[in-house]
Amino acid sequence: MGYEQIIYTSLPYTSSRLNHDVAAIHKRFPQTRLAVIGYSCLGKPLYELQIGCGDKKVHLNASFHANEWITSLVLMKWLEDFLGYVTAGARVDVGHLVLASKLLDGATISIVPMVNPDGVDLVTADVPPDWKEYCHLLNQGASDYSQWKANIRGVDLNNQFPANWEIERERKEAQSPAPRDFPGFSPLTEPEAMAMAELTKREQFDRVIALHTQGQEFYWGYENCHPLESSYLAKHFTELSGYKAIEYVDSHAGYRDWFINQFHKPGFTVELGIGENPLSLNQFDQIYHDVHRLINAAVYL
């Protein structure tokens, strides 16, 4: 695009890198609107970036789960590339080529690039000194935190939402704080989940896309609450990404589940890449190639 890139994809993504990149993107592309929608358990900011001015409100998020941090890198890379296309007056691929600026005329895009910064840093950086004993205990004495999905308190943020939460709570193996799968003692107890719920209710998004890993598939239905539009979008997403569309998955209490159940609007959980979490950065280019058109289309269609 004729300028030095901001987002580098060769190193694990931490909250400190996100802090830098959010500030740099906001400075380079002043059309971005930056807000802090809340704070993590450890007081780290939960950023939301907005672009566009259209009536259709599209929300994208990443890193609900700690060891899925590559999703934040994908989303921030997409944002930088997309804004570069807008600035250059260039076209993006939505199944056909269309001016990037046209997408911003039709939509307002909301991005929360890292829902779980404390968990991401636990996996990619180090254990906070004041939390070493607690995290060590939950991790059964292991010093390898690569399988940690939860927030720093051991609550799975994507099991925190009031969409049949009781069913998920009853059947989870983890019945107390753990590195993964513990939904909490009641819904929306964690500051990160509360911030996401409050943002979503306030903004009344028309559709949401939550990036997770892994499986090269996406989920789009929930309890017959989704509209016909979801099927139309799912068909196009598969054509553009090659990812398998799955209408129903045996899961409750996730952000997407709650959004569909609450608002009866299209919601998608997109499982990037293939393999064992955390995915290697060696997969980044392939993942980005597969999903960038899906994200474009989520905004455009």
ask   = Are I260 and F268 grouped together when hydrophobic residues (ILVMFWY) are joined by side-chain heavy atoms under 4.5 angstrom apart?
value = no
query = Cut-off 3.5 Å, side chains only: do Y145 and N67 have a donor facing an acceptor?
reply = no
task = Measure the shortest side-chain to side-chain distance between F161 and D257 over non-hydrogen atoms and say whether it is less than 4.5 angstrom.
result = no
Heavy-atom pair of closest approach, residues P191 and L46 = O-CD1, 4.5 Å
ask   = Parallel, tilted or perpendicular for F205 and H59, by the 30°/60° rule?
value = parallel
query = Counting only heavy atoms not in L97, do more than 12 sit closer than 6.0 Å to its CG atom?
reply = yes
task = Evaluate side-chain contact (heavy atoms from CB on, under 4.5 Å) for L301 paired with V94, printing each intermediate quantity in order.
result = CA-CA 8 Å; L301 291 176; V94 297; 6.0 Å; no
remark   = Nearest heavy-atom approach of A150 to A66 is O-CB, 3.8 Å
request  = Quick one: pull up CD in E190 and CG in L157 and give me the separation to the nearest 0.5 Å.
outcome  = 6.5 Å
query = CG of D93 to NE2 of H292: how many Å apart, nearest 0.5 Å?
reply = 6.0 Å
ask   = Does W258 belong to the same Ile/Leu/Val/Met/Phe/Trp/Tyr cluster as F64, with side-chain heavy atoms less than 4.5 Å apart forming each link?
value = yes
task = Show your reasoning for whether side-chain contact (heavy atoms from CB on, under 4.5 Å) applies to V115 and S63.
result = CA-CA 5 Å; V115 177; S63 289; 5.6 Å; no
ask   = Are more than 12 heavy atoms from other residues, nucleotides or ligands located less than 6.0 Å from atom CZ of F263?
value = yes
ask   = With a cut-off of 6.0 Å (strictly less than), are more than 12 heavy atoms of other residues, nucleotides or ligands near NE2 of H20?
value = no
query = So with a 6.0 Å cut-off around CD of E276, is the heavy-atom count from everything else above 12?
reply = no
query = Do you know which of I209, T32, L60, N61 makes side chain to side chain contact (heavy atoms under 4.5 Å, CB included) with I111?
reply = L60
ask   = Quick one: OH on Y47 to CE on M76, what's the gap to the nearest 0.5 Å?
value = 10.0 Å
ask   = Is the backbone N or O of E203 less than 3.5 Å from a side-chain atom of K57, with the two atoms forming a donor-acceptor pair by type?
value = yes
Donor-acceptor contact below 3.5 Å, side chain N139 vs main chain D144 = yes
query = Okay, side chain of R28, backbone of E80: is any donor-acceptor separation there less than 3.5 Å?
reply = no
remark   = Closest heavy-atom pair, Q214 versus G275, reported as atoms and distance to 0.1 Å, is CD-O, 2.7 Å
task = With side-chain contact (heavy atoms from CB on, under 4.5 Å) as the test, would you mind laying out the steps for K102 and R91 before giving the verdict?
result = CA-CA 9 Å; K102 186 175 180 180; R91 299 175 185 269; over 6 Å; no
query = Would you say N158's side chain and Y255's backbone share a donor-acceptor pair under 3.5 angstrom?
reply = yes
query = How long is the gap from CG on L272 to CZ on F284, to the nearest 0.5 Å?
reply = 9.5 Å
ask   = Would a hydrophobic clustering, with Ile, Leu, Val, Met, Phe, Trp and Tyr connected at side-chain separations under 4.5 Å, put L18 with F82?
value = yes
F218 reachable from I246 in the ILVMFWY side-chain graph, under 4.5 Å edges = no
message = Given 3.5 Å as the limit, does a donor-acceptor pair link the side chain of Q160 with the main chain of A193, or not?
response = no
ask   = What's the shortest heavy-atom distance between A100 and V86, and which atoms?
value = CB-CG2, 3.6 Å
key: Rounded distance [0.5 Å steps], CD in Q286 versus CG in L279   = 12.5 Å
Distance-only check: which donor-acceptor pairs under 3.5 Å involve side-chain atoms of residues 122-138, not counting sequence neighbours?
from	atom 1	to	atom 2	distance (Å)
T124	OG1	V120	O	2.8
Y134	OH	R153	O	2.7
H136	NE2	G141	O	3.3

ask   = Does the pair N116 and W69 meet the rule for a side chain to side chain donor-acceptor pair (under 3.5 Å), with working shown?
value = CA-CA 9 Å; N116 184 8; W69 52 263; over 6 Å; no
ask   = With a 6.0 Å cut-off on ring centres, are Y248 and H226 close enough?
value = yes
task = Could you tell me whether the side chain of T238 and the main chain of K244 form a donor-acceptor pair under 3.5 Å?
result = no
query = Going through the distances and angles, do K56 and D206 end up as a salt bridge (Lys or Arg N to Asp or Glu O under 4.0 Å)?
reply = CA-CA 6 Å; K56 179 174 57 187; D206 293 298; over 6 Å; no
Backbone of C41 reached by a side-chain donor or acceptor of D118 within 3.5 Å = yes
inquiry  = Go through it in stages, so that I can follow the logic: the residues are H252 and Y222, the test is ring-ring contact (aromatic ring centres under 6.0 Å, His included), and I'd like the CA-CA distance, side-chain angles, deciding distance and then a yes or no.
reply    = CA-CA 9 Å; H252 301 287; Y222 185 73; 5.6 Å; yes
ask   = Do T108 and Q50 have side-chain atoms, one donor and one acceptor, less than 3.5 Å apart?
value = no
task = Identify the two heavy atoms, one from S15 and one from M114, that lie closest to each other, and give their separation to 0.1 Å.
result = CA-SD, 4.0 Å
key: Short side-chain to backbone donor-acceptor contact, Q216 and G242, under 3.5 Å   = no
task = Check the pair L73, Y288 against side-chain contact (heavy atoms from CB on, under 4.5 Å), reporting the backbone distance first and the verdict last.
result = CA-CA 10 Å; L73 193 54; Y288 192 75; over 6 Å; no
ask   = Given D121 and K44, is the salt bridge (Lys or Arg N to Asp or Glu O under 4.0 Å) satisfied, shown in steps?
value = CA-CA 11 Å; D121 287 347; K44 295 171 186 173; 2.6 Å; yes
request  = Please answer whether the main-chain N or O of S40 pairs with a side-chain N or O of E192 as donor and acceptor at a distance below 3.5 Å.
outcome  = no
ask   = How far apart are the closest heavy atoms of R293 and L240, and which atoms are they?
value = NH2-O, 3.0 Å
key: W220 side, atom CH2; S231 side, atom OG - distance, nearest 0.5 Å   = 4.0 Å
message = Running the 4.5 Å side-chain criterion over Ile, Leu, Val, Met, Phe, Trp and Tyr, what cluster does F182 land in, apart from itself?
response = V155, F185
ask   = Does atom CD of Q204 have more than 12 heavy-atom neighbours from other groups under 6.0 Å away?
value = yes
key: Check: Y85 side chain, S101 main-chain N or O, donor-acceptor pair, under 3.5 Å   = no
Joint hydrophobic cluster, Y39 plus L188, side-chain heavy atoms closer than 4.5 Å = no
